Amino acid sequence: MKRIQNYIDGRFVGGVREFPDVNPADGTVIAQVAEAGQEQVDEGVAAARRASQDEWGQISVRERAARLHRVADAIEKRFDCFVQAEVADTGKPLSLASRLDVPRAAANFRVFADLIKTVGIESFQTETADGSSALNYAIRKPLGVVGIITPWNLPLLLLTWKVAPALACGNTVVVKPSEETPATAALLAEAIQDAGIPQGVYNVVHGFGPGSAGEFLTRHADVNAITFTGESRTGAAILQSVATTVKPVSFELGGKNAAIVFGDCEFDAAVGGIAEAVFLNTGQVCLCCERVYVERRIFNAFVDALKKKAESLRLGWPSDPSTNLGPLISAQHRDKVLSYYKLAEDEGATLVTGGGVPAFGDGRDGGFYLQPTIYTGLAESARCVKEEIFGPVCHIAPFDSEEEAIAMANDAKYGLAASIWTGNLKRGHRVAQQMNVGITWVNCWFLRDLRTPFGGAGLSGIGREGGMHSLNFYSELNNICVQL
Ligand code: NAD
Ligand code: 6OD
């Protein structure tokens with residue numbers, strides 16, 4: 001049986017016990033993972049602290065950037081290994097991991113390597129009351145040791161989205177990947193070693209949240225900042241954990257994202273775009289759309305067209321190139337999503353398609369597949385319209401006016417993303433500017449430029465990462481004021 005170990009100070013080490021890593025496509029155990037206890041977390045943090053005071057804290061920015069490019073090279077060199085590990089851990093289609101997750105991991109390192117090399121510093125020439133002046137300039141210093149906690153849906157993409165800027169700013173890191181998907185964080189350790197990044201700069205501790213590696217890391221007095229992606233409720237628990245040591249946090253949390261489809265949209269493009277937004281990664285992307293609002297005059301045609309798209313999706317083995325939809329991550333998560341399917345019925349929804357567990361007659365029946373599902377007919381106050389489900393499911397509701405659509409889309413405790421579909425760009429801008437979210441797409445979805453602010457309002461998070469926003473979170477600024 002394959003073993004996945006913690007990675008501390010440049011060495012793979014065991015933990016306090018082991019837990020199984022399960023393949024969601026058939027329910028088989030693919031590896032045993034070493035769970036880090038308090039001792040391993042302490043060692044990881046101590047190694048990161050030493051490394052931050054050593055070579056990594058002192059080399060030139062140009063050299064740091066060059067090594068981050070080498071990490072990207074090393075990921076590309078191991079492309080197939082990363083793809084296979086990600087597919088086995090998550091059950092996502094191989095085509096998706098090859099087109100999205102692994103290329104984005106390399107891109108994360110390249111973008112932040114280039115940015116840290118070219119970014120300037122803020123400066124102000126200040127006039128003083130006595131007629132003389134002063135020069136203010138702010139220098140960027142590392143925070144020190146950054147704790148990084150990530151979820152299971154896009155494990156490598158989201159891990160590198162935080163590791164790359166943290167290292168670019170001269171920090172060292174201790175990462176705690178999701179217990180469901182530990183493999184690519186361990187592979188990244190090998191790529192980081194290959195790239196000549198000093199030992200102790202990147203450390204991995206495996207385990208769970210409360211009473212395990214996650215909590216030990218967030219509570220740790222010698223960790224300078226926590227960056228976390230995951231559920232809003234977990235964010236609340238981490239906020240309590242970090243309170244006693246007053247650490248800065250960056251939180252990318254859940255969503256209940258809306259799409260607004262106007263009658264003047266390019267119909268086929270909108271149907272295709274919404275199908276992607278609802279079902280990509282089996283609906284397990286924080287940006288996925290679970291609420292679709294469609295102008296009444298095209299409502300019936302839109303529901304029919306999205307139903308056809310949903311029914312054309314191929315639920316297959318992840319390694320089959322024709323598969324578009326893999327399983328959910330775990331039996332427990334599938335039970336949660338199924339409980340919402342049941343709740344939708346109780347709340348009076350009309351089932352358009354799906355609603356159950358598919359039967360295959362082969363090993364996939366041991367996996368955690370679920371039919372892509374569409375509902376209509378729910379009240380806007382229904383729990384299925386208000387709560388994040390995080391599965392291959394959406395509810396479609398009609399609207400009659402722009403104002404009504406905006407009000408319904410904004411009526412949520414979450415505020416991560418929205419998409420607007422219209423042939424009238426003036427309306428696209430107008431409606432987009434009224435969305436109470438961190439990211440709004442017009443006639444597209446999940447189209448990313450890594451320099452743009454990424455994050456959410458309300459229950460969807462605290463702060464923004466991306467481009468300069470990442471550099472600002474992962475740096476301590478020291479403003480120097482010189483009397484001239
Ligand atoms: P989760 O919150 O259950 O777990 C995320 C990570 O936090 C895991 O590594 C877990 O072990 C750890 N953790 C759990 N409890 C902890 C605690 N008390 N202290 C420290 N660490 C703890 O989330 P998940 O189920 O892995 O991921 C799905 C959720 O993530 C969804 O809500 C989704 O919307 C959200 N998400 C958000 C974004 C974003 O960018 N906004 C991106 C991806 C996923
Ligand atoms: O594209 C990104 O940078 C990003 N953080 C995506 C998050 C997706 C959520 O599941």
Side-chain angles (χ1 to χ4, degrees), residues 19 33 35-36 41 90 92 100-101 103-105 107-108 111-112 147-162 164-165 175-182 185 204-220 223 226-242 249-257 280-281 283-288 290 328-330 332-333 336-337 387-391 414-417 437-439 445-467 469-470:
F19 62 91
V33 188
E35 180 182 348
V41 173
T90 59
K92 67 179 64 192
L100 174 68
D101 302 71
R104 248 306 289 280
N108 285 338
V111 164
F112 288 107
I148 298 180
I149 301 185
T150 49
W152 45 258
N153 61 329
L154 307 170
L156 181 67
L157 185 159
L158 291 171
L159 178 69
T160 52
W161 172 241
K162 292 176 180 298
V175 313
K176 210 296 282 167
S178 168
E179 55 275 31
E180 310 278 6
T181 54
V204 185
V205 290
H206 293 291
F208 304 82
S212 182
E215 186 184 342
F216 301 152
L217 188 59
T218 56
R219 279 203 186 285
H220 207 290
V223 170
I226 291 289
T227 176
F228 165 71
T229 303
E231 273 197 36
S232 306
R233 251 189 324 234
T234 311
I238 292 178
L239 267 185
Q240 292 188 331
S241 254
V242 301
V249 295
S250 172
F251 281 178
E252 299 180 332
L253 308 178
K256 186 73 183 177
N257 309 305
L280 188 84
N281 206 36
Q284 303 168 116
V285 177
C286 59
L287 307 162
C288 274
E290 294 187 1
L328 294 178
I329 189 67
S330 62
Q332 191 193 11
H333 186 55
K336 175 189 150 183
V337 177
E387 297 173 13
E388 183 186 52
I389 301 174
F390 218 56
Y414 293 97
L416 186 56
V437 296
I439 307 147
W445 175 77
F446 203 1
L447 197 169
R448 296 280 289 115
D449 178 326
L450 307 187
R451 298 166 300 182
T452 58
F454 186 97
L459 279 187
S460 292
I462 298 180
R464 295 291 182 274
E465 298 199 34
H469 302 273
S470 296

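Numbering of ligands and ligand atoms starts at 1, following listing order. Atom set for the values below is all heavy atoms of this structure, side chains included, hydrogens, waters and symmetry mates excluded. All of these numbers come straight from a predicted model, not from anything done at the bench.
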Which atoms from ligand 1 have a heavy atom of Ile149 less than 4.0 Å away?
->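 In order of number, 6 (C), 7 (O), 9 (O), 12 (C), 20 (C), 21 (N).
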Near Leu416, which atoms of ligand 1 are under 4.0 Å from a heavy atom of that residue?
->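 Answer for ligand 1: 41 (N).
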Among protein heavy atoms, which sits nearest to atom 2 (O) of ligand 1, and what does the distance come to when rounded to 0.1 Å?
->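 Going by distance alone, atom 2 (O) of ligand 1 is nearest to Thr234 OG1, 2.6 Å.
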Closest protein heavy atom (residue, atom, distance) for atom 34 (O) of ligand 1 |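 That would be Glu388 OE2, 2.6 Å.
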List in chain and number order the residues that pass salt bridge (charged side-chain N to carboxylate O under 4.0 Å, His left out) with Glu180, two or more places apart in sequence or in another chain; answer none if no residue qualifies.
->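 Checked Glu180 against salt bridge (charged side-chain N to carboxylate O under 4.0 Å, His left out); zero matches.
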Below the 3.5 angstrom mark, is there an N/O of [X], backbone or side chain, next to an N/O of ligand 1?
X: Phe208; answer: no
X: Ser460; answer: no
X: Thr229; answer: no
X: Glu179; answer: yes

Sole candidate of Asp101, Thr90, Leu154 that passes side chain to side chain contact (heavy atoms under 4.5 Å, CB included) when paired with Asn281 |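 That would be Leu154.
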Single hit among Ile462, Ile238, Leu217 for side chain to side chain contact (heavy atoms under 4.5 Å, CB included) with Phe228 =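 Passing option: Ile238.
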Does Leu217 approach ligand 1 within less than 4.0 angstrom via side chain, backbone, both or neither, non-hydrogen atoms only?
->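 Neither part.
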Within a distance of under 4.0 Å, is there any protein heavy atom near atom 15 (N) of ligand 1?
->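 Yes, there is one.
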Which protein N or O atoms sit under 3.5 Å from any N or O of ligand 2? Give each pair with its distance.
residue	atom	partner	partner atom	Å
ligand 2	1 (O)	Arg104	NH1	2.9
ligand 2	1 (O)	Arg448	NE	2.7
ligand 2	3 (O)	Arg104	NH2	2.8
ligand 2	3 (O)	Arg448	NE	3.4
ligand 2	3 (O)	Arg448	NH2	2.7
ligand 2	10 (O)	Asn153	ND2	2.7
ligand 2	10 (O)	Cys286	N	2.8

